Amino acid sequence: MSDSPNDAPSAAARRDFIREMVAEDVATNRFGRPIATRFPPEPNGFPHIGHLKAIALNFGIAREFGGRCNLRFDDTNPTTEDVKYVEAFKTDLTWLGYQWDAELYASDYFEKLYAFAELLVENEKAYVDSQSEPQIRQTRGTVTTPGTDSPYRDRTVDQSLELLRRMRAGEFPDGAHVLRAKIDMAHPNMVMRDPLLLRIRHKHHYRQGDNWCIYPFYDFAHPLSDAIEGITHSLCTLEFKDNNDIYKWLVRECGFVHPPEQTEFSRLELDYTLFSKRKLLRLVNEGFVAGWDDPRMPTIAGARRRGVTPEALIAFVESAGVSRKPQRTELATYEHAVRDDLNMRVPRVMCVTNPLKVVLTNYPEGQVEELDASYYPHDVPKTGSRKVPFSRELYIERDDFMEDAPKKFFRLAPGREVRLRYGYFITCTDVVKDAKGEIVELRATYDPATRGGDSPDGRKVQGTIHWVSAPHALDAELRLYDKLFTIPDPDAVEEGEDFVSVLNPESLVVVKGAKIEPSVANDPAGTRYQFERTAYFISDAIDSKPRALVFNRTVTLRDSWAKIKNK
RNA sequence: UGCCCCCUCGUCCAAUGGCAGGACAUCGGUCUUUGGAUCCGAGAAUGGUGGUUCGAAUCCACCGGGGGCAACCA
């Protein structure tokens with residue numbers, strides 16, 4: 001049965017339909033070489049969580065099957081690309097923990113691609129078309145009607161070759177000619193109706209400078225770049241499905257023997273999120289967000305600044321799975337991945353978002369105690385603690401007090417007793433209000449026997465609340481981030497509206513007067529915490545300063561009280 | 001309207017002709033010095049109709065639904 005050593009690995013590797021296929025190809029040595037994948041972004045925007053699915057797949061498969069994975073920039077369009085985006089990809093890939101086997105650029109293949117162009121012309125598989133752009137569009141036909149041949153389709157090899165060389169030499173203005181594959185203008189697959197291969201673009205390229213004035217299209221550059229690199233498995237998203245026909249055609253016509261094979265999988269979609277680079281660029285350019293690394297952006301840089309770890313991001317995209325079904329993942333799946341990761345790694349500290357002063361009337365004036373507070377709860381296998389000062393005047397969360405509290409409210413209320421986390425039991429005795437009737441202060445008594453939070457008489461309290469010592473607390477700015485859009489699918493807007501109309505006006509709420517325990521004073525910017533009972537936060541890598549602390553909310557804690565309250 | 005892809009709990013993914021299972025979410029309980037986490041439990045799905053087969057989520061046909069393709073973008 002399982003005597004064959006080949007059985008075990010292929011069974012173990014069976015995780016999704018692509019890995020299954022790769023396992024099969026490895027087992028049969030289909031390509032006659034180790035498997036090779038590539039991550040081929042166009043450097044025209046920042047990498048985002050949608051890219052990460054492709055990244056995790058390509059790098060993951062290479063690693064799992066003993067292959068290699070290239071980072072190749074698909075930089076064939078000089079009008080949209082920029083070196084700052086290639087830097088962003090490299091920075092973020094490194095931060096995520098991926099190492100590419102080679103850093104390559106499609107634009108470095110322009111010379112090779114040009115040679116293939118001449119080869120195709122010589123073999124009568126391509127021709128120079130001199131129709132105008134609108135003419136080309138019109139003669140392509142529609143999805144239901146066939147296209148018609150270009151009058152230039154029957155140019156001789158010599159005529160096309162001469163034109164092609166002059167195109168390269170820069171003798172023609174933009175749009176004067178294009179190189180097209182000679183396939184079938186009536187093909188049922190629109191992509192196969194004599195696809196365009198090369199266009200004239202007198203434009204400075206961020207990497208090639210002015211070396212070229214002809215630039216290849218995706219359908220020309222992409223398959224050949226894969227083939228040149230010896231890629232075995234060219235993995236891409238489903239919208240390129242129709243391009244698979246031209247992919248196969250091209251690598252065959254160009255003479256590759258064991259050419260790469262393209263396989264498509266569905267794109268990642270996330271509720272309340274947009275991944276379209278055009279739209280993200282608009283959010284940045286029109287100031288709806290602070291930049292590509294705004295913590296609300298679905299970019300890797302945004303997630304990083306928001307406090308999400310690489311491990312959480314990767315766990316999330318891997319949990320989303322790989323299939324060919326159009327998928328739309330719930331935000332809760334993402335948030336779970338983030339919390340699940342942070343729970344096990346970050347220290348807990350106390351921060352009061354909306355402070356309400358409490359005076360302990362029976363606590364000696366001027367006395368300060370240093371209470372020992374563990375950084376981690378009992379179920380997290382990490383150790384460490386800090387001292388938190390305790391005094392007569394404290395701040396507690398305004399939401400942790402209710403004057404007329406329902407039975408299920410376990411926190412502070414007149415006459416009720418709660419535990420201060422790591423501190424004492426306190427009982428609320430008085431509510432102090434201002435002239436308008438607003439609660440401005442609470443009076444309470446503490447039980448000296450309950451120091452540290454345990455009652456020697458075995459008395460139980462229902463609630464434990466967080467607090468800070470008023471004279472010792474540090475001021476902090478909290479940036480409370482929430483979903484960027486108000487509806488799960490920001491593209492599903494009314495006629496005449498666009499995604500901008502469903503931006504969430506409360507996607508960022510800045511809280512200036514938060515009070516945090518002094519232990520965090522000298523932690524470096526970029527330190528992650530859980531603020532007990534509220535949310536995970538990270539001190540902002542750019543704006544947080546020792547005397548002006550700024551924290552970004554990564555994700556809230558689950559809040560089962562909110563559910564009870566809303567019933 | 002042509003071609004192509006897809007359709008399994010609310011969501012995402014399994015089941016490779018043989019007991020429809022897992023994760024997230026939901027609900028209930030346990031535990032708790034975080035209304036966090038943990039642990040236990042529950043409800044929840046094969047789009048429809050036919051066919052092939054001892055046996056169909058799986059194969060076939062038709063119907064229905066969703067998506068992609070008509071940039072000198074990728």
Side-chain angles (χ1 to χ4, degrees), chain A residues 14-17 20 40-42 44 74 76-77 79-80 129 132-134 136-138 140-147 174-175 177-178 180 186-193 196-201 215 217-219 221-222 236-245 264 266 268 271 277-278 319-337 339-340 343-344 348 350 373-374 377-380 408-411 418-423 425 450 452-455 461-466 530-536 556-565:
Chain A
R14 195 157 74 197
R15 296 208 287 148
D16 56 61
F17 79 100
E20 197 175 329
E42 184 188 15
N44 66 348
D74 222 333
T76 56
N77 183 355
T79 64
T80 54
D129 193 355
S132 69
E133 190 177 331
I136 287 176
R137 197 166 25 237
Q138 278 164 24
R140 184 152 29 224
T142 70
V143 290
T144 52
T145 58
D174 289 7
H177 310 279
V178 289
R180 299 182 75 172
H187 199 106
N189 179 355
M190 296 291 297
V191 174
M192 294 295 272
R193 321 246 260 227
L196 278 57
L197 267 23
L198 244 26
R199 81 275 217 183
I200 301 171
R201 256 300 116 94
Y215 289 89
F217 285 94
Y218 172 85
D219 279 329
H222 193 82
C236 65
T237 46
L238 234 25
E239 69 270 23
F240 295 104
K241 175 66 195 162
D242 290 344
N243 303 258
N244 205 340
D245 284 345
E264 310 84 16
S266 59
L268 177 78
D271 278 353
K277 268 190 272 186
R278 209 193 83 241
S319 79
V322 180
S323 74
R324 300 171 68 84
K325 186 170 88 178
Q327 62 171 205
R328 166 152 229 107
T329 305
E330 290 179 338
L331 234 208
T333 307
Y334 175 70
E335 294 190 339
H336 173 263
R339 290 189 191 107
D340 198 42
N343 177 44
M344 297 307 280
R348 274 64 172 171
M350 293 194 285
S374 170
H378 59 90
D379 52 352
V380 172
K408 291 202 164 173
F409 185 79
F410 297 156
R411 287 111 96 152
V418 296
R419 171 169 37 236
L420 296 177
R421 182 97 159 130
Y422 311 117
F425 287 11
T450 58
D454 278 313
S455 162
V461 288
Q462 291 247 61
T464 300
I465 64 175
H466 60 282
Q530 183 198 98
F531 290 178
E532 293 223 32
R533 302 209 307 130
T534 59
Y536 292 98
T556 61
L557 257 34
R558 291 186 66 188
D559 185 359
S560 53
W561 164 243
K563 286 175 193 163
I564 297 166
K565 192 172 57 176

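Please read all numbers here as calculations on a predicted model, not as lab measurements. Convention: sequence-line order gives letters A, B, ...; per-chain numbering from 1. Worth knowing before you read on, the calculation uses all heavy atoms, side chains too, and leaves out hydrogens, waters and symmetry mates.
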side-chain contact (heavy atoms from CB on, under 4.5 Å) partner of R419(A), the single match among I465(A), T464(A), T450(A): T464(A)
Any N/O donor-acceptor pair, R558(A) side-chain to rG35(B) base, under 3.5 Å: no
Sugar-phosphate, base or nothing in reach of R419(A), heavy atoms under 4.0 Å: base
Under 4.0 Å protein heavy-atom contact, by nucleotide of nucleotides 40-48 of chain B - B base, S sugar-phosphate only: ---------
Whichever of A320(A) and T333(A) has its nearest RNA chain B nucleotide further upstream toward 5': A320(A)
Touch class at under 4.0 angstrom, heavy-atom based, for S323(A) against every strand present: sugar-phosphate
Base-paired stems in RNA chain B, each at least three Watson-Crick or G-U pairs under 3.5 Å: B:2-7 with B:64-69, B:10-13 with B:21-24, B:26-29 with B:39-42, B:47-51 with B:59-63
Sugar-phosphate, base or nothing in reach of K277(A), heavy atoms under 4.0 Å: nothing
Presence of donor-acceptor pair under 3.5 Å, side chain of D242(A) and base of rG68(B): yes
Short side-chain N/O contact to rC13(B) OP1/OP2 from S319(A), under 4.0 Å: no
Side-chain N or O of R348(A) closer than 4.0 Å to phosphate OP1/OP2 of rU34(B): no
Short heteroatom pairs, N/O only, protein and nucleotides 72-74 of chain B, under 3.5 Å:
{"from": "rC72(B)", "atom 1": "OP2", "to": "R140(A)", "atom 2": "NH2", "distance (Å)": "2.8"}
{"from": "rC72(B)", "atom 1": "O2'", "to": "R201(A)", "atom 2": "NH2", "distance (Å)": "3.3"}
{"from": "rC72(B)", "atom 1": "N4", "to": "Q131(A)", "atom 2": "O", "distance (Å)": "3.3"}
{"from": "rC72(B)", "atom 1": "N4", "to": "E133(A)", "atom 2": "N", "distance (Å)": "3.4"}
{"from": "rC72(B)", "atom 1": "N4", "to": "G175(A)", "atom 2": "O", "distance (Å)": "3.0"}
{"from": "rC73(B)", "atom 1": "OP2", "to": "R199(A)", "atom 2": "NH2", "distance (Å)": "2.9"}
{"from": "rC73(B)", "atom 1": "OP2", "to": "R201(A)", "atom 2": "NH1", "distance (Å)": "2.8"}
{"from": "rC73(B)", "atom 1": "O3'", "to": "N77(A)", "atom 2": "ND2", "distance (Å)": "3.4"}
{"from": "rC73(B)", "atom 1": "O3'", "to": "R199(A)", "atom 2": "NH2", "distance (Å)": "3.4"}
{"from": "rC73(B)", "atom 1": "O2'", "to": "N77(A)", "atom 2": "ND2", "distance (Å)": "3.1"}
{"from": "rA74(B)", "atom 1": "OP1", "to": "T76(A)", "atom 2": "OG1", "distance (Å)": "2.9"}
{"from": "rA74(B)", "atom 1": "OP1", "to": "R199(A)", "atom 2": "NH1", "distance (Å)": "3.4"}
{"from": "rA74(B)", "atom 1": "OP1", "to": "R199(A)", "atom 2": "NH2", "distance (Å)": "3.2"}
{"from": "rA74(B)", "atom 1": "OP2", "to": "Y218(A)", "atom 2": "N", "distance (Å)": "3.2"}

Sugar-phosphate, base or nothing in reach of E532(A), heavy atoms under 4.0 Å: base
Short side-chain N/O contact to rC69(B) OP1/OP2 from K241(A), under 4.0 Å: no
Side-chain donor/acceptor of E20(A) to base of rU16(B), under 3.5 Å: yes
Salt-bridge present (E532(A), R348(A); N to O < 4.0 Å): no
